[in-house]
Amino acid sequence: MNTFYSSFHISVQDGFSAGVSGCTLLERGGKTRCNFQDLGVNTRETMAHVKDCKTGFSGIPVKVITNLYSLGLPREWQLYQYHVTFNPELESRRLRLALLYSHTELLGKAKAFDGAILFLSQKLENQVTELTSVTKRGETVNITITLTNQLASSSPVCIQFFNIIFKKVLKKLSMYQVGRNFYSPSDPVEIPQHKLTLWPGFAVSITQFENRVMLSADVSHKVLRSETVLEFMTSLYTRTDSACFIQTCEKELVGLIVLTRYNNKTYRIDDIDWCVKPTDTFPKRDGTEISYVDYYNQQYDIVLTDLNQPMLVSRLKSKQNSTVEPRVVHLIPELCYLTGLTSRAISDFRLMKDLAQEMHLNPEQRQQRLSRLVDNIQRIKEARLELEMWGLQLGCQVSLTGRVVPTEKILMQEQICLPMSAGDWSKDMRNMKIIGVQPLDNWLMLCSNRNGELAENLLNCLKRVGGPMGFHIEYPRILQVQESPMAFLRAVQQHVNPEVQLVMCILSSNQKDCYDSIKKFLSLDRPVPSQCVLARTLNKQGMMMSVATKIAMQIICKLGGELWAVEIPLKSLMVIGIDVNKDALNKGSSVVGFVASTNSKITRWFSRCILQNTGTDIADCLKVCMKGAISKWHKYNCELPARIIVYRDGVADGQLKMVVDYEVPQLLSVLTELTTNYSPKVSVIVVRKRCIPRFFAEANRSLQNPPVGTIVDTEATRPEWYDFYLISQLARQGTVNPTYYNVVYDNSGLKPDHMQRLTYKMCHLYYNWPVSK
Amino acid sequence: MKTGSHLNLLNYEVSITENNKLIEFVVKMFQKHNLFLIFSVDCMMDTNLQKDDLTGTIKFIPPLYKQRYQFIKDLVIKYKPKKVADLGCADCTLLWMLKFCKCIEVLAGLDIRENVMKEKMHRLSPLPADYLQPSERSLTVTLHHGSVAHKDPCMLGFDLVTCIELIEHLEAAELEKFPEVVFGFMAPAMVVISTPNSEFNPLLPGVTLFRHSDHKFEWDRAQFQSWAVAAATSYDYTVEFTGLGTSPPGTEDVGFCTQIGVFVRKYPKNGETVNSEKHTEHAYKTVFKAVYPSLKDEKYLQNAVVSEVLFGADIIKRRLLGNFKSEWKDHRDGLETKFKFQPFKYFMRRSKNLPLAETEKLAADRSTEPFIDGNTVYIPLAKIFSIPKVNQLCGTFEKLSKLIAGKVALSNDGSAVIVTIEYENEEQEN
């Protein structure tokens, strides 16, 4: 979700934790995965019906400008890969480099050599070239250079090579790499009231797109705290109860990435060691012991001021395939800076608002930043030369033609709603009855003594908006309790019985503990639907009716009601949605969410949520979910679904192969094992809410977000995949993030156009909001 | 030049017969000084070993190159030079170590091999974290590609010039020009020159002629010292000799493995202007330059001051509103009526109820105490200036006013920082 209208949504429902996925805030610094572009997964060739054409046709053509740039490569451009051997063998890489590079005249100009593999932009005359060098010691060394590969610009090796070249280019522009992206710390944006610093920067990568290799560039911001971890801890100490300080501190810090004052590395905080002090000693590499204080003083002329601070503990990632125990380092809080945001910061409405103000760039601002980057690359000689040497040049920004597909009709109980804008139909459906929901007869409303009036007010509004929607709301039992999380929980424990349909809580503050304990009790101990609302939300003058409408809709969904539907031309279609998230704190476990439709209108759902160890394969629990969904469908429809479409979210970069090779076959096996002769038509679509391309539409001589319903299925797509981009949400602030759909398996024979339209229809069924998502 | 302590330590007589005692001693001395020589277990078996038996077993811990760098670092810590140049800086390791020394404001490196210099030069760039809290001192690191046989004005005005294992790589013609360039032209306050002591070579494994194939010569102590004394004399420097890497007991007569000359200029520092007139043509090519973010740079100072001011103002505002709200709450708890949070009215009412003298006092307080008027919090600059960090960064009130002008919202008369209160998003009380 990249637009900020969600801020409201955050405060209404269970959004204390939701709302920021998708923006680069949470990005983790760290090691680059080797195959984050998912190279080598060629799924399109397995689907005969899209081999020749994977584009749709419906809708009105629209010209969109992308954040992609051509590299100006001639068609015949090739990279020559050589293997270099030295006889006698040389230990020193530097010497190998020096000896080879001394033959400059022979090798031409552009070359990259890592000590064994040599890349050249021009081919040598012979397959095998023999050279002789004399070392300064007078030793004769024979060098053999053998051609091993001629690489086209689209080859994975070449793509990786280009990415390395562009890293060098960005370094030449005085940018720093943090994680995968590059930032300019010399032009920081300060948010002093929250002690935050934003570094503007770019995410740049080279990818083989549909027809050619292109550079994609997007604006990125690195969020850092402009205070040390020690200062952070000190201020946390003054704000929290000292009895639970250690616990709070660990909760805040563990999992975050820190930057140190003395080297260019980032570390993940895995633990805090409260027993080790800076005056304690550690063994240096040569075996001698030295205290932390002395070490930093001698090595970096740094004088530690607080000799009682605890130590941050970080486990270093062991080198690949290494069986050695991962090394653990102790870091001094005083010498570390936090990157990213703490959970407390994320739940701080004001902070997130101030942050969004700086980070959300509209298309015009984004375009300006991109232009400046491209301009710098072309203008700064060292950067440009780095490219020219290899026959590369940064070409012009690519524009392409997308299509705006027709607005979907929204089917209400008696009427059909034709939204003016596909982005928001809340106005259009006013006074229309929703499809159906049971009346809310037996429910509880909890609030603190102070908020009694707010509760009454909300209740009146709910009743007023409920009527026209066709949602009957009875007067609830209202409980006024003390202003404390414990009081809320006690009231819930005392008064909730299985007959209660819903518990509504009006919370005074954004206290996660209170919310968590209520939700935990009502999800695990006594499962009853619950709705939490912040008092703050109800204080907004003139907003009450729209707030109440949204709350009413959420309640309807929680009671199992149906709000609206869209026309689904396919009969007996089951739609499945899957999302997988890693637990931020406990890296060892992930949460799998699974929903499957149980009626052909696609308004009723079966859902499962499974917590599981990352070590175990997700596919195993998907099988369990899938079986449950099919049997539910059978129960309600007395038949098995003829078609199944799976939307799989939560696939990280580089995980595509795992989904294709393992998860998809496992899901299919459930179906074949079910009964003989059952072979439904199945499509599996990997969904990515974060993707590289951005699209801008030109209007009134300025750039704007393309209209909702824009589909892009050319140029910015990948040739080896059956993929398309869809803009399904309205961005009121900032630049819209297109959603990327990659159909990795499809035996349905559905035309690409139908697949795209169906996907767009599904976007309208996000019940939290009368908008397409 | 007071390097006596080094000399004493390194010439320490070791005469111990029991092996474990020797080990104990070596470890102790090493821990204490980080400078020592030990040799492998084989040779510890018998302290009366012949020279021949020792070859192949000598090992310096820490490695001699590290000891040389540490020697320079110790000098820097002792004499606190501001401008330091390393001639023949190779892969910039020494420069990298020195960049952490807080006294240094200018670091320069010079080498004839551009590629070697470029290999790891990025280590000399500021770290990302340097930008988060810019340091008090300024630091500029520059690397030049060129020869020590050429003069370039960029090397003028230095306090310390180091030439670690450099001169033995020079051709005869270059060596001839070297003293004029370094002592005559650059004329820094102090020069340190280290070079191999050829008398030590028989103790080193595998060394036939020179220790490195690129060495054009290796001098014994007498050769080095006579060259050094001659150079010092003709350019008005004093020189003292020391070294690093002592030989095993019984072979002390060969001297240190590395011999070092520390030259100190006799005459007081000349004005830089005089020097730069001597020669203005640039002979070196700049291959790298990094300017570290520093509070000496107006841009970073302003950034830091504005951040502190806004942070401080935000705290004052919250404190003020916090008081306000709690007073308001007490008030409200007593009454059964409902009314909206209206600070302005509250302020007015409070002022009205005060006796006249009190009101006047309040008015006087306005010059230093923050107050609320309508939707705006006024925090007088005097109050802001009293925030320790702001005070420390700015030094003077005038500087504060100048730095925040145009960056921080001020009242019409410019006497107070103003912060608007956002009621909609006002935080809830617990």
Side-chain angles (χ1 to χ4, degrees), chain A residues 94 97-98 101 135-139 171 174 176-178 183-186 188 190-195 197 199 222 224-228 259-264 266 286 288-290 298-302 335-337 349-350 353 450 453 483-484 507-511 534-536 539-541, chain B residues 27 30-31 34 61-62 70 73 76-77 91 97-104 113 115-116 119 122-123 125-133 212-215 290-291 293 299-300 303-304 306-315 317-318 329 338 340 419 422-430:
Chain A
R94 187 195 281 181
L97 248 79
Y101 279 18
T135 66
K136 285 175 179 166
R137 279 176 192 270
E139 206 176 4
K171 273 186 193 151
S174 309
Y176 286 81
Q177 188 173 5
V178 185
Y183 300 93
S184 306
S186 51
E190 305 283 349
I191 309 179
Q193 61 273 36
H194 305 297
K195 285 270 178 197
T197 298
W199 287 346
K222 192 85 218 162
L224 300 113
R225 290 200 76 93
S226 44
E227 60 183 356
T228 65
L259 212 61
T260 73
R261 239 169 84 182
Y262 46 85
N263 66 17
N264 203 358
T266 50
D286 57 23
T288 55
E289 292 276 330
I290 186 165
Q298 283 173 19
Q299 203 77 8
Y300 303 110
D301 203 10
I302 294 171
L335 306 182
C336 295
Y337 294 96
F349 174 79
R350 288 256 299 277
K353 194 185 153 210
R450 250 174 352 112
E453 205 175 315
E483 180 65 81
S484 83
L507 304 179
S508 289
S509 69
N510 208 342
Q511 266 194 332
L534 276 181
R536 180 175 71 205
N539 265 324
K540 289 182 184 165
Q541 298 301 312
Chain B
V27 168
F30 167 69
Q31 283 175 339
N34 273 350
I61 295 180
Q70 191 59 46
K73 199 172 169 180
V76 166
I77 290 167
D91 67 357
M97 283 173 72
L98 294 181
K99 85 164 193 167
F100 294 104
C101 296
K102 299 242 162 60
C103 58
I104 295 177
R113 291 169 304 169
N115 280 334
V116 175
E119 226 171 82
H122 58 262
R123 286 192 296 176
S125 297
L127 295 169
D130 287 331
Y131 291 94
L132 280 173
Q133 284 184 344
H212 190 279
S213 60
D214 188 51
H215 287 181
V291 180
K299 173 186 159 187
Y300 292 105
N303 205 345
V306 167
S307 292
E308 284 305 332
V309 167
L310 291 178
F311 180 68
D314 198 62
I315 286 181
K317 177 192 94 177
R318 269 186 284 159
K329 207 173 100 185
K338 54 169 184 179
K340 278 202 294 186
V419 188
E422 293 168 59
Y423 291 106
E424 287 155 85
N425 303 321
E426 167 217 339
E427 273 172 294
Q428 302 296 305
E429 296 149 38
N430 292 324

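Just so it is clear: chains get the letters A, B, ... in the order the sequence lines come, proteins before strands, and each one is counted from 1.
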Enquirer: Please classify the contact between A/S174 and chain B as side chain, backbone, both or neither, with a heavy-atom cut-off of under 4.5 Å.
Expert: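 When you check distances to chain B, no heavy atom of A/S174 falls under 4.5 Å.
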Enquirer: Report the option among B/D314, B/L127, B/V309 that has the most heavy-atom pairs separated by less than 4.5 Å from atoms of chain A.
Expert: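 So the answer, after comparing B/D314, B/L127, B/V309, is B/L127.
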Enquirer: Using only atom types and a distance under 3.5 Å, with no angle test, would you say the side chain of A/Y176 pairs donor to acceptor with the backbone of B/P126?
Expert: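 Yes.
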Enquirer: Give a yes or no on whether the backbone of B/K102 and the side-chain of A/D301 come within a donor-acceptor separation of less than 3.5 Å.
Expert: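 Yes, because the side chain of A/D301 sits within donor-acceptor range (under 3.5 Å) of the backbone of B/K102.
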Enquirer: Is a side-chain N or O of B/K299 found less than 3.5 angstrom from the main chain of A/S186, in a donor-acceptor match?
Expert: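 Yes, the answer is positive, given that a donor and an acceptor are paired below the 3.5 Å cut-off.
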Enquirer: What is the distance from atom NZ of A/K195 to atom OG of B/S307, rounded to the nearest 0.5 Å?
Expert: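 That separation rounds to 7.5 Å.
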Enquirer: Could you check if a side-chain atom of B/Q133 sits within less than 4.5 angstrom of a side-chain atom of A/Y337, using non-hydrogen atoms only?
Expert: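 Yes; the side chains approach each other to less than 4.5 Å.
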Enquirer: CZ/A/R261 to CZ/B/F100 distance, rounded to the nearest 0.5 angstrom?
Expert: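 With rounding to 0.5 Å, CZ (A/R261) is 10.5 Å from CZ (B/F100).
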Enquirer: For A/L97, which atoms come within 4.5 Å of any heavy atom of chain B: side chain, backbone, both, or neither?
Expert: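 Contact with chain B is absent: no heavy atom of A/L97 under 4.5 Å.
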Enquirer: What part of B/P293 lies closer than 4.5 angstrom to a heavy atom of chain A: side chain, backbone, both or neither?
Expert: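 Neither part, no heavy atoms under 4.5 Å.
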Enquirer: Heavy-atom pairs under 4.5 Å with chain B are the metric here; pick the option from A/R225, A/E190, A/Q299 that has the most.
Expert: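 Most heavy-atom pairs under 4.5 Å with chain B: A/E190.
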Enquirer: Kindly indicate whether the side chain of A/L224, heavy atoms from C-beta on, has any atom under 4.5 Å from the side chain of B/Y131.
Expert: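 No. Closest side-chain heavy atoms not under 4.5 Å.
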Enquirer: Report the option among B/N303, B/V306, B/N115, B/D130 that has the most heavy-atom pairs separated by less than 4.5 Å from atoms of chain A.
Expert: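 Result: the option with the highest number of such pairs is B/N303.
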Enquirer: Kindly determine whether A/W199 and B/L132 satisfy side chain to side chain contact (heavy atoms under 4.5 Å, CB included), including the steps that lead there.
Expert: CA-CA 10 Å; A/W199 287 346; B/L132 280 173; 3.8 Å; yes
Enquirer: Taking the side chain from B/K73 and the backbone from A/Q298, do they hold a donor-acceptor pair closer than 3.5 Å?
Expert: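 Judged by distance alone, yes, a pair lies under 3.5 Å.
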Enquirer: Show the nearest heavy-atom pair for residues B/R318 and A/Q193, with the distance to one decimal.
Expert: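 Distance-wise, the nearest heavy atoms are NH2-O, 4.3 Å.
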Enquirer: Give me the atom names and distance for the closest heavy-atom approach of B/A129 to A/L259.
Expert: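 For B/A129 and A/L259, the tightest heavy-atom pair comes out as N-CD2, 4.3 Å.
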